[in-house]
Amino acid sequence: MSILFDKERETFFLETEHSCYQFRITRHGTLQHLYYGRPVGETCMDYLTRFADRGFSGNPYECRHDRTFSLDLLPQEYSSFGMGDHRVPALKTVLENGSRTAELRYLSHEILPGKLCPEGLPHVRQGHSACETLVVRLFDEVSGLTVKLFYSIFPAEDVIVRSAQIINGSGQKIVLEKAASASIDFPCGQWDLIHFAGRHCMERQPERAALGHHVLSVGSSRGMSSHHNNPFVILCDREVTEDSGDCYGFMLMWSGNHRAEAELDQAGGVRLVMGIHEDGFSWLLEPGESFRTPELILTYAAGGLNALSHNCHRLLRENVCPPEFRHSRRKVLLNNWEATYFDFDTDKILSIAAQAKDLGVDLFVLDDGWFGQRSDDKAGLGDWFVNEKKLPGGLARLGSALNGMGLDFGLWIEPEMVNEDSDLYRAHPDWALRDPGRAPMVARDQLVLDMGRTEVREYLFGCIDRLLKEAPICYLKWDFNRSVANLFSSALPAERQGETATRFMLGTYALLFRLREAHPGVMIEGCAGGGGRFDAGMLFFCPQIWCSDNTDAVQRLRIQKGTSYGYPVFTMGSHVSAVPNHQTGRSVPLGTRAVVALSGTFGYELDPGKLTGAEKAAVRDQIAVFHKYSELIRSGRYYRLDRTEAEEGFTAWAFVSEDRCEALVSVVDTNVEGNPRFHHILLKGLVPDAVYRLEGSDRRFSGAALMYGGYTLPQMFGDYPAAMLHFAADHNAAYDE
Ligand code: GLA
């Protein structure tokens with residue numbers, strides 16, 4: 001049993017294999033968080049909390065004679081605004097009379113087998129995992145508001161999935177101004193927050209900040225999870241390294257506006273609140289209505305950041321990504337975007353495709369520009385009808401020609417967007433989000449459709465369903481190329497305008513649910529100007545996401561490494577593109593470009609006709625390497641090996657098979673010096689007393705030697721040299737610890 005309620009101590013014990021989470025009902029009916037961390041046996045961790053009368057930290061009325069009981073000081077389970085907890089709240093409400101206070105007290109709880117799945121939201125699937133769910137009901141007597149807190153425990157995965165539902169059981173209207181998915185208070189510790197910041201073409205760069213007496217707030221109000229701040233943060237001990245120390249991952253299953261707030265309080269405790277961003281958010285609850293927050297994935301690891309990443313990777317692979325693609329080998333694709341941009345016709349496409357096929361490519365993806373009057377990025381979005389001038393005979397003819405060559409067919413779309421210069425916008429200007437009487441904010445000449453409207457979703461479903469039926473399309477690249485502004489929906493009354501951004505995201509999810517159900521065999525690759533919507537919400541529908549519009553291999557090293565803290569390599573769209581690179585102007589050798597792209601879904605984004613004979617031969621070899629190692633890359637444990645503080649410009653990483661019999665190490669040197677030093681790596685995750693052989697040599701090493709003594713690489717020369725090393729255990733037996 002992973003959930004225990006100790007009646008005597010009124011304490012909940014939530015246990016996973018390597019973590020334990022405790023909270024209790026206080027004598028005044030509030031929920032007090034006690035502990036989250038390494039298992040501690042049966043000890044109740046209430047002794048960690050010390051009670052003191054601190055000035056200016058008031059007391060609930062019923063304990064006014066006990067000045068040591070203050071909601072301002074006690075660690076809470078789900079903090080609400082108004083009753084004297086002056087730290088960052090999880091819940092903010094407004095009653096009809098204007099009162100902004102919510103006072104939540106324990107009402108009841110139940111422990112249920114399995115995972116409860118929130119309707120209309122992407123969620124952690126139970127899959128083959130054992131799981132139990134605790135539902136705790138909290139009640140505010142004055143307003144009649146009920147809050148349900150959900151805790152689904154995945155013991156083997158070391159994961160707790162939290163979410164909340166706010167139910168208006170009163171006879172009056174209640175407005176939510178903030179409804180976070182969870183808050184969690186750590187009573188003590190020295191903490192850093194790691195978050196993943198960036199910009200278009202430079203996504204998910206880790207930043208680490210010590211928590212102080214301020215609110216550290218990271219998030220996005222761009223209507224998308226964004227290039228700028230990812231909905232994944234890590235709270236960790238100040239001493240944490242890749243391989244040691246306590247760390248906690250918080251990953252929101254939501255692709256829209258989000259925020260994580262972390263605060264060190266006056267008593268040395270730390271609070272983390274995470275959920276939908278409150279800027280621009282409000283939600284009206286009529287009597288009887290409820291609001292369900294997105295799920296927040298919590299995971300704890302005692303063994304440093306690599307171990308934390310393993311927890312996230314395994315959960316996303318096994319319990320989040322669509323099951324149809326969980327274990328399947330990805331097809332090697334060629335995408336024509338950087339090869340042609342908008343300048344193509346059938347002949348050009350078929351010539352590129354034929355050469356791609358000859359190199360060993362499996363799937364051809366036709367990118368932007370095949371529809372409406374789309375000769376550049378100023379027109380056509382919304383008109384999802386093939387441009388017969390460019391592609392006579394339409395997608396059916398093109399698809400069957402590709403299939404005839406032995407290639408699968410993939411197609412780019414950008415459903416949530418519309419150009420003013422489009423038939424769709426001319427017919428339905430009110431379908432775009434825009435404020436009355438105001439010129440809209442435009443970006444890339446496009447506006448954003450109001451996905452909360454049923455008729456918009458009906459139109460888009462009709463278009464995409466038709467495309468998938470009329471042509472043999474097995475892959476969609478689903479793009480999203482601007483931030484959302486002008487959050488006004490012509491379909492909502494004034495008092496509900498604050499719901500627009502959330503309804504937008506729920507509408508997109510509704511469309512994705514429907515399409516996935518109608519076409520389960522079609523793989524959808526997520527994309528948003530590269531990696532602007534790389535999050536667990538999208539991964540629920542899309543088993544892979546284009547990691548960045550920046551295809552420069554040197555920059556990709558940083559982008560993919562940053563992404564790897566939360567997300568598995570096999571979800572990262574990664575292609576070899578032409579040089580000089582279109583984003584940076586840099587020229588990186590073809591071999592290095594492939595080493596970097598191989599740590600991803602792998603494919604090409606170039607015109608194969610421009611490759612020399614030698615380069616074509618190299619590409620054939622690269623595809624063979626992909627086939628050889630794709631299973632190890634997909635299912636192996638990913639370790640970040642480099643110690644960047646010591647060796648700037650040297651990046652190393654490895655995949656180690658689950659049975660630890662095989663390791664594939666990749667290294668890239670982006671800073672070759674004169675009289676170069678030898679790079680030295682320490683492998684990780686091997687069996688110490690197993691014997692491994694380095695492929696291509698007769699050398700044998702014990703796992704211990706490779707992990708504790710390490711391996712010294714030959715000197716590396718030239719521009720951005722790279723290498724891959726494969727170590728395999730001498731026999732295939734699975735090793736004991
Ligand atoms: C975005 C994508 C690119 C490409 C273009 C097409 O930027 O990230 O890969 O599809 O749109 O307009």
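Numbering of ligands and ligand atoms starts at 1, following listing order.
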Chemist: Starting from atom 9 (O) of ligand 1, what is the nearest protein heavy atom, named by residue and atom, and what distance separates them?
Modeler: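 Of every protein heavy atom, Lys477 NZ, 2.7 Å lies nearest to atom 9 (O) of ligand 1.
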
Chemist: Return the closest protein heavy atom for atom 12 (O) of ligand 1 as residue, atom name and distance.
Modeler: Asp368 OD2, 2.6 Å

Chemist: Write out the residue and atom name of the closest protein heavy atom to atom 10 (O) of ligand 1, then the distance separating them to 0.1 Å.
Modeler: Asp367 OD1, 2.6 Å

Chemist: Can Phe196 and Val218 be said to form a side-chain contact (heavy atoms from CB on, under 4.5 Å), step by step?
Modeler: CA-CA 9 Å; Phe196 299 88; Val218 288; over 6 Å; no

Chemist: Taking the side chain as every heavy atom from C-beta outward, state whether Pro206 and Tyr565 have any pair of such atoms under 4.5 Å apart.
Modeler: yes

Chemist: Identify, for atom 11 (O) of ligand 1, the protein heavy atom at the shortest distance, and state residue, atom and that distance.
Modeler: Asp479 OD2, 2.9 Å

Chemist: Under a 4.0 angstrom heavy-atom cut-off, which atoms of ligand 1 come close to Gly529?
Modeler: 1 (C), 7 (O), 8 (O)

Chemist: Please state which part of Arg444 comes within less than 4.0 Å of ligand 1, counting heavy atoms only: side chain, backbone, both or neither.
Modeler: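 The side chain, only.
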
Chemist: Among Asp549, Thr551, Asp376, Asn550, which one has a heavy atom closest to atom 7 (O) of ligand 1?
Modeler: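 Nearest heavy atom to atom 7 (O) of ligand 1 lies in Asp549.
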
Chemist: Ignoring hydrogens and angles, tell me if any N or O in the side chain of Asp408 forms a donor-acceptor pair with the backbone of Cys474 under 3.5 Å.
Modeler: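 Side chain of Asp408 to backbone of Cys474: no pair is present.
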
Chemist: Once you restrict to heavy atoms under 4.0 Å, what part of Glu414 touches ligand 1? Side chain, backbone, both or neither.
Modeler: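 Within the 4.0 Å criterion, Glu414 makes no contact with ligand 1.
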
Chemist: Report yes or no: do Asp535 and Ser255 form a side-chain donor-acceptor pair below 3.5 Å?
Modeler: yes

Chemist: If you measure only the distance, is there a donor-acceptor pair under 3.5 Å linking the side chains of Thr571 and Gln544?
Modeler: no

Chemist: Should you measure from each heavy atom of Cys527, which atoms of ligand 1 turn up under 4.0 Å away?
Modeler: 2 (C), 8 (O)

Chemist: Output yes when the distance from some N or O of ligand 1 to some N or O of Glu605 is under 3.5 Å, and no in every other case.
Modeler: no

Chemist: Would you say the rings of Trp254 and Tyr509 are close, in the sense that their centroids are separated by under 6.0 Å?
Modeler: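 Here the rings of Trp254 and Tyr509 have centres that are less than 6.0 Å from each other.
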
Chemist: Does Arg640 reach the side chain of Ser309, with side-chain heavy atoms less than 4.5 Å apart?
Modeler: yes

Chemist: Within ligand 1, which atoms have a heavy atom of Trp546 less than 4.0 Å away?
Modeler: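 Listed by number with element: 8 (O), 9 (O).
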
Chemist: If you measure only the distance, is there a donor-acceptor pair under 3.5 Å linking the side chains of Asp552 and His582?
Modeler: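 On atom types as modelled, these side chains do not qualify, holding no pair under 3.5 Å.
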
Chemist: With heavy atoms under 4.0 Å as the rule, classify the contact between Asn335 and ligand 1 as side chain, backbone, both or neither.
Modeler: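 For Asn335, there is no contact with ligand 1 at all, from either part.
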
Chemist: Counting heavy atoms only, which part of Asn481 comes closer than 4.0 Å to ligand 1: side chain, backbone, both or neither?
Modeler: side chain

Chemist: Report yes if some N/O of Gly530 lies less than 3.5 Å from some N/O of ligand 1; otherwise report no.
Modeler: yes

Chemist: Assess whether ring pair (Phe, Tyr, Trp, His ring centres under 6.0 Å) is satisfied between Tyr567 and His313, documenting all intermediate values.
Modeler: CA-CA 6 Å; Tyr567 304 98; His313 294 178; 8.3 Å; no

